[in-house]
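First up is the structure itself, then whatever we jot down about it.
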There are 2 protein chains.
Amino acid sequence: MDHTPPDDYQLDIQVGFLLRRANQRHLAIFAAQLPGLTPTQFAALAKLCELGPISQNALGRATSMDAATIKGVVDRLRHKGLVAALPDAADRRRLVLAPTPEGKAAYARARPSAHRITSETLAPLTEDEAETFLALLTRLG
Amino acid sequence: MDHTPPDDYQLDIQVGFLLRRANQRHLAIFAAQLPGLTPTQFAALAKLCELGPISQNALGRATSMDAATIKGVVDRLRHKGLVAALPDAADRRRLVLAPTPEGKAAYARARPSAHRITSETLAPLTEDEAETFLALLTRLG
DNA sequence: AGGATAATGTTTGTATGCTAATGAATATCT
DNA sequence: AGATATTCATTAGCATACAAACATTATCCT
């Protein structure tokens, strides 16, 4: 009898809306801390430095970007001189990507900022809360 | 001595990356459950139905979209016949928006789907976990 | 009253992000 | 081997998002 019928729809309480807002805030923090790279560009560069030479689509899978998206991101990284691409001799469909020396340097320079960005994004939470949040968020991916 | 130096950067652990992934999954669920409207379009329509007639920029603020973004969203809703726009007699800069009867009907029809979308997005978590997650996520917006 | 300021809506440009279609190359399977 | 299927990269089209610049209109302040 005390049961509230779900007749109301409060947008501000919905996961999708909250995810979008949290992401907006994170993007703003990222742009302020690391002006030269977008989050996706940094993610692609970071994964490429982590994994070493890899095909474009494989890099996309590693960073959760589809083929169309990763292409645009890689094109911009190549245009900036951070990533080099060579045709794969063994599989002529493939484009093998690798970070350039400038790309590796940019990644090394950006890493401290990346840590600050994560900290600042999670700053409204205590350490325990942040840990809980990340664990739950991981399961929603 | 057991302290791990933050020398490594694991992309898959970063908030930004996890937020992007969770959002991707949510968008896919949304598109499957509610094919006619995008999440932003639904958010704008829902807020407009909640709040009643309001200017375009004010609707943008209510839904966390900047002026350029809300314009595109509203244009598409108007093109679908879900939203009507009239010049404000009191303030000639303003465009007063209101849902059309079709817009109100679409909102009423979409609301059950919206609840399902939220449930499905949070399905990997228990109810208690989902509640915790939403509380923490709210503080990151 | 009148000049600085601010708000509203618009446009342009850049960057994600998805779907769908395409052509080329490789794998698979009978 | 040959037909079928899959993978890779690309392209086109649509929909967020944000920044920056703009003209128009309100408001504020002295």
Side-chain angles (χ1 to χ4, degrees), chain A residues 16-17 19-32 34-45 54-80 83 85-97 141, chain B residues 16-17 19-32 34-45 54-80 83 85-97 141:
Chain A
F17 184 72
L19 281 173
R20 188 163 64 82
R21 300 231 334 163
N23 211 50
Q24 276 175 357
R25 177 164 160 278
H26 175 259
L27 293 189
I29 292 170
F30 195 105
L34 207 70
L37 288 171
T38 65
T40 33
Q41 287 168 15
F42 176 74
L45 181 60
I54 192 182
S55 81
Q56 185 172 277
N57 277 9
L59 181 60
R61 284 190 293 271
T63 50
S64 294
M65 303 180 207
D66 70 10
T69 300
I70 192 66
K71 189 208 185 305
V73 175
V74 166
D75 281 353
R76 280 167 224 118
L77 288 172
R78 289 171 68 180
H79 191 259
K80 291 181 189 183
V83 165
L86 287 174
D88 186 339
D91 185 337
R92 304 221 304 274
R93 298 168 302 180
R94 285 205 178 105
L95 205 57
V96 178
L97 307 178
Chain B
F17 184 72
L19 281 173
R20 188 163 65 83
R21 301 230 337 160
N23 211 49
Q24 275 175 357
R25 177 164 160 277
H26 175 259
L27 293 189
I29 292 170
F30 195 106
L34 227 152
L37 288 172
T38 65
T40 32
Q41 287 169 15
F42 175 75
L45 181 60
I54 193 182
S55 81
Q56 184 172 281
N57 276 10
L59 181 60
R61 284 189 293 270
T63 51
S64 294
M65 303 181 207
D66 69 11
T69 300
I70 192 65
K71 190 209 185 307
V73 175
V74 165
D75 281 353
R76 280 166 223 117
L77 288 172
R78 289 172 67 180
H79 191 259
K80 292 182 188 184
V83 165
L86 287 174
D88 187 339
D91 186 337
R92 303 222 305 275
R93 296 169 303 180
R94 286 205 177 107
L95 206 55
V96 178
L97 307 178

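Lettering follows sequence order; numbering is per chain, from 1.
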Just N and O in the side chain of [X]: are any of them under 4.0 Å from OP1 or OP2 of [N]?
X: A/Gln24; N: D/dA17; answer: no
X: A/Thr40; N: C/dT16; answer: yes
X: A/Arg20; N: D/dA17; answer: yes
X: B/Thr38; N: D/dA15; answer: no
X: B/Gln56; N: C/dT8; answer: no

### Query
Do the side chain of A/Arg92 and the base of C/dA25 come within less than 3.5 angstrom through a donor-acceptor pair of N or O atoms?
no

[N] [atom2] sits how many Å from [X] [atom1], rounded?
X: B/Asp91; N: C/dA6; atom1: CG; atom2: P; answer: 17 Å
X: B/Ile70; N: C/dG9; atom1: CD1; atom2: P; answer: 10 Å
X: B/Leu86; N: C/dG9; atom1: CG; atom2: P; answer: 13 Å
X: A/Leu97; N: D/dT10; atom1: CG; atom2: P; answer: 9 Å
X: A/Arg94; N: C/dT26; atom1: CZ; atom2: C1'; answer: 9 Å
X: A/Asp75; N: D/dA12; atom1: CG; atom2: P; answer: 13 Å
X: A/Asp88; N: D/dA9; atom1: CG; atom2: P; answer: 9 Å
X: A/Asn57; N: C/dA25; atom1: CG; atom2: P; answer: 16 Å

### Message
Using a 4.0 Å heavy-atom cut-off, does B/Asp66 contact any base of the nucleic acid, only the sugar-phosphate backbone, or nothing at all?
### Response
base

### Task
Have a look at A/Thr69 and say if it touches a base, only the backbone sugar-phosphate, or nothing, with a 4.0 Å heavy-atom cut-off.
base

### Task
Examine distances only and state if a side-chain atom of A/Arg20 and a backbone atom of B/Pro39 form a donor-acceptor pair shorter than 3.5 Å.
no

### Task
For the pair B/Gln24 (side chain) and A/Ser64 (backbone), establish whether a donor and an acceptor sit closer than 3.5 Å, ignoring hydrogens and angles.
yes

### Task
Please tell me which of A/Leu95 and B/Gln41 maps to the more 5' nucleotide of DNA chain D, matching each residue to the nucleotide holding its nearest heavy atom.
A/Leu95

### Message
By nearest heavy atom, map A/Arg93 and B/Gly72 onto DNA chain D; which one lands nearer the 5' end?
### Response
A/Arg93

### Task
For A/Met65 and for A/Ala90, locate the closest nucleotide of DNA chain C by heavy-atom distance; then report the residue assigned to the nucleotide nearer the 5' terminus.
A/Met65

### Task
Please round to the nearest 0.5 Å and tell me the distance separating atom OG1 of A/Thr38 and atom CG of A/Leu27.
9.0 Å

